[in-house]
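To start, the structure under review is shown below, and the notes come after it.
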Amino acid sequence: MTTWIISDTHFGDGSLIGSGLAQGKTARDFETVSEMNECLADNWNTCIGPNDEVLHLGDVCIGDGCDMLARLKGKKHLLLGNHDNPLCPALAHTFTTISLWKAMDDAGIVLTHLPIDLSLRSGLGARFITNIHGHLHNKPAPTAQHLCVSVEQTGYAPLNFEEVIADILQRREK
């Protein structure tokens with residue numbers, strides 16, 4: 001079993017594509033929502049096996065895009081994003097767990113959708129060294145303590161979570 005991490009799939013979200021692009025957003029390089037959905041699902045299922053765990057850091061789907069969830073392999077866990085409705089039946093049916101964040105205290109890592117303030121004054125800086133998050137799409141992470149795993153930054157594919165953690169811990173040693 002392998003654990004994977006991904007964020008901001010936005011299945012079905014036409015506001016990220018060409019002519020439907022919402023103000024202030026950068027277009028994904030797809031001609032249609034269907035093309036985007038298929039690319040994301042294909043990349044997901046190429047990496048993830050039926051017994052793998054998946055940590056989705058939010059902004060999963062909208063409207064008919066939620067139909068894509070039934071096609072995705074793995075045991076899925078959701079950290080809610082700003083576009084996710086925790087009462088949505090498709091999310092409740094698809095995800096084994098739904099929460100706001102996940103703390104990995106031993107490693108000093110916190111997983112969230114939105115990047116969070118890790119300064120000492122926030123009260124979180126004493127507990128966490130690194131925040132793995134989504135939300136920013138193609139924008140850079142706010143500090144060296146942050147790692148954005150939005151699909152725009154991962155080739156529209158999930159990342160091996162153990163490799164991500166190993167890279168973070170190795171960079172800390174330098």
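Contact of the Asp59 side chain with the Asp84 side chain is registered, since non-hydrogen atoms from C-beta on lie closer than 4.5 Å. Side-chain contact check for Thr32 versus Ile17: every heavy-atom pair is 4.5 Å or farther apart. Considering only heavy atoms from C-beta on, Cys61 stays 4.5 Å or farther from Asp13 through its side chain.
Using a 30° and 60° split on the angle between ring planes, His113 and His135 fall in the perpendicular class, above 60°. Ring geometry for Phe95 against His56 counts as perpendicular: the plane angle is over 60°, on a 0 to 90° scale with 30° as the lower cut.
A single hydrophobic cluster is not seen to contain both Leu159 and Trp4; linkage of ILVMFWY side chains at heavy-atom distances under 4.5 Å, directly or through other members, places them apart. Under a hydrophobic clustering in which Ile, Leu, Val, Met, Phe, Trp and Tyr are joined whenever their side-chain heavy atoms come within less than 4.5 Å, directly or via other members, Phe161 and Leu169 fall into the same cluster. Both Trp44 and Val151 are assigned to one and the same hydrophobic cluster, defined by single-linkage of ILVMFWY side chains at heavy-atom distances under 4.5 Å. With hydrophobic clusters built from ILVMFWY side chains whose heavy atoms lie under 4.5 angstrom apart, Met104 does not share a cluster with Ile129. In the hydrophobic clustering of this structure, Trp101 groups with Leu118; members are Ile, Leu, Val, Met, Phe, Trp, Tyr whose side-chain heavy atoms approach within less than 4.5 Å, directly or through other members.
Side-chain atoms of Thr97 and His77 form a donor-acceptor pair, as typed in the model, at a separation below 3.5 Å.
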Arg127 and Asp105: salt bridge (Lys or Arg N to Asp or Glu O under 4.0 Å), yes or no, with the steps?
CA-CA 7 Å; Arg127 182 173 174 193; Asp105 287 305; 2.7 Å; yes
Salt bridge (Lys or Arg N to Asp or Glu O under 4.0 Å) assessment of Arg71 paired with Glu38:
CA-CA 10 Å; Arg71 294 179 41 194; Glu38 291 301 322; 2.9 Å; yes
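Summarising the geometry of Val110 relative to Asn131, their closest heavy-atom pair is O-ND2, 3.1 Å, with the distance given to 0.1 Å.
More than 12 heavy-atom neighbours from other residues, nucleotides or ligands sit within 6.0 angstrom of NZ on Lys73.
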